Amino acid sequence: MPKYWLMKSEADVYSIDDLRRDGRTLWDGVRNYQARNNMKEMKEGDLVLYYHSRQSPSAVTGLARVVRESYPDPTQFDPGHKYFDEKSSEEDPRWWLVDIEFVRAFDHPVGLPDIKARSDLSEMVLVRNSRLSVQPVLEQEFQTVLKMAGEAMP
DNA sequence: GCCAACGTTGGC
DNA sequence: GCCAACGTTGGC
């Protein structure tokens, strides 16, 4: 059985349409341990709610799927890169990432206010801990958000 | 753009 | 190991 997750990006940095264009991407640049640990838990085939933060309203805008399980984030080893981490090493990498692929963009994104308005979504990590950029989602929560978007299960 | 909430760093 | 200072995230 696949597990369910939510990943955040700012639309002007990397939007669901950017992911559609690229087909797949590596989720680099995560420098938060909790988010990293969540990516280490991901398995191929897990489904991801794609979320645009820092827009009005912030919203779940589509779906993605995990296509490669965690491996070291290459940007941490590149001294010229903004995500370079001098305290990490190839022998003992600190930061890990996964590859995801585009599944679909929603015709009707599900806004954060609508999510917050639902009592059956009040325990979502998105509601509880707004700062975590890679977070687990319960199957029930995933299905509820899909239904709110007017989408069927992939 | 502001700022509250949160996570991280580093002095002690 | 505590906690003040600092940096970042993201809702509004």
Side-chain angles (χ1 to χ4, degrees), chain A residues 3-22 24-42 46-66 70-100 102-138 140-151:
Chain A
K3 288 196 172 166
Y4 303 95
W5 309 91
L6 180 146
M7 294 168 100
K8 293 180 187 174
S9 181
E10 294 179 41
D12 57 355
V13 175
Y14 196 82
S15 70
I16 188 73
D17 289 325
D18 292 325
L19 182 60
R20 187 206 320 255
R21 178 199 64 216
D22 294 343
R24 64 185 278 169
T25 194
L26 62 173
W27 206 252
D28 62 8
V30 169
R31 296 294 181 267
N32 169 285
Y33 291 103
Q34 239 183 309
R36 177 206 66 181
N37 292 344
N38 286 334
M39 284 201 288
K40 279 187 160 184
E41 293 285 311
M42 290 181 180
D46 284 359
L47 291 166
V48 177
L49 295 173
Y50 201 97
Y51 180 85
H52 287 173
S53 62
R54 282 190 65 90
Q55 64 175 25
S56 194
S58 297
V60 178
T61 54
L63 287 183
R65 183 185 288 114
V66 176
S70 67
Y71 59 102
D73 181 342
T75 63
Q76 71 194 303
F77 307 126
D78 177 359
H81 202 282
K82 73 184 269 208
Y83 294 131
F84 176 64
D85 184 347
E86 61 179 4
K87 292 179 184 165
S88 187
S89 67
E90 307 244 10
E91 299 73 43
D92 185 21
R94 180 179 288 202
W95 304 112
W96 297 67
L97 52 67
V98 295
D99 288 358
I100 60 171
F102 176 81
V103 174
R104 77 174 75 125
F106 293 165
D107 289 333
H108 303 288
V110 181
L112 182 62
D114 293 334
I115 289 172
K116 284 186 162 176
R118 289 189 64 114
S119 58
D120 55 347
L121 295 179
S122 63
E123 297 298 313
M124 272 190 87
V125 180
L126 188 68
V127 175
R128 288 284 170 131
N129 177 5
S130 66
R131 303 218 9 200
L132 187 60
S133 67
V134 179
Q135 52 183 257
V137 174
L138 298 178
Q140 199 55 247
E141 295 166 344
F142 184 88
Q143 288 178 352
T144 299
V145 172
L146 269 193
K147 192 174 291 182
M148 290 167 76
E151 300 277 341

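Each chain gets a letter, A, B and so on, in the order the sequences are listed, and its residues count up from 1. Here the structure is a predicted model, which means the values were calculated and not measured.
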field: Pair A:Tyr33 + A:Trp96: ring centers closer than 6.0 Å
entry: no
task: Figure out the CG/C1' separation between A:Asn32 and B:dC6, and round it to whole Å.
output: 10 Å
task: Please state how far atom CZ in A:Arg31 lies from atom C1' in C:dG10, giving the value in whole angstrom units.
output: 19 Å
statement: When rounded to whole Å, the CG to C1' distance for the pair A:Asn129 and C:dG10 reads 11 Å
query: Does a side-chain N or O from A:Ser130 land closer than 4.0 Å to OP1 or OP2 of C:dG11, or not?
result: no
query: Checking all strands, does A:Gln34 fall into the base, sugar-phosphate, or nothing category for heavy-atom contacts under 4.0 angstrom?
result: sugar-phosphate
query: Starting at CD of A:Glu10 and ending at P of C:dC12, how long is that distance when rounded to a whole Å?
result: 15 Å
Exercise answer: donor-acceptor pairs, residues 111-119 of chain A side-chain atoms, under 3.5 Å, sequence neighbours excluded:
residue: A:Arg118; atom: NE; partner: A:Asp120; partner atom: OD1; Å: 2.9
residue: A:Arg118; atom: NH2; partner: A:Asp120; partner atom: OD2; Å: 2.9

message: Any N or O donor-acceptor pair under 3.5 Å from the base of B:dG7 to the side chain of A:Arg131?
response: no
query: Are A:Lys87 and B:dT8 close enough that a side-chain N or O sits under 4.0 Å from OP1 or OP2?
result: no
- request: Using whole Å, report how far CD of A:Gln55 lies from P of C:dT9.
  value: 17 Å
task: Anything under 30° is parallel, anything over 60° is perpendicular, the rest tilted; go ahead and classify A:Tyr14 against A:Trp27.
output: perpendicular
query: OP1 or OP2 of B:dT9 less than 4.0 angstrom from a side-chain nitrogen or oxygen of A:Tyr33, does that happen here?
result: no
query: Between C:dG7 atom P and A:Lys82 atom NZ, what is the distance in whole Å?
result: 17 Å
task: Look up atom CZ in A:Arg104 and atom CZ in A:Arg20, then write down how far apart they are to the nearest 0.5 Å.
output: 12.0 Å
field: d(NZ, A:Lys8; P, C:dT9) in whole Å
entry: 11 Å
field: Between B:dG7 (C1') and A:Asp85 (CG): distance, integer Å
entry: 15 Å
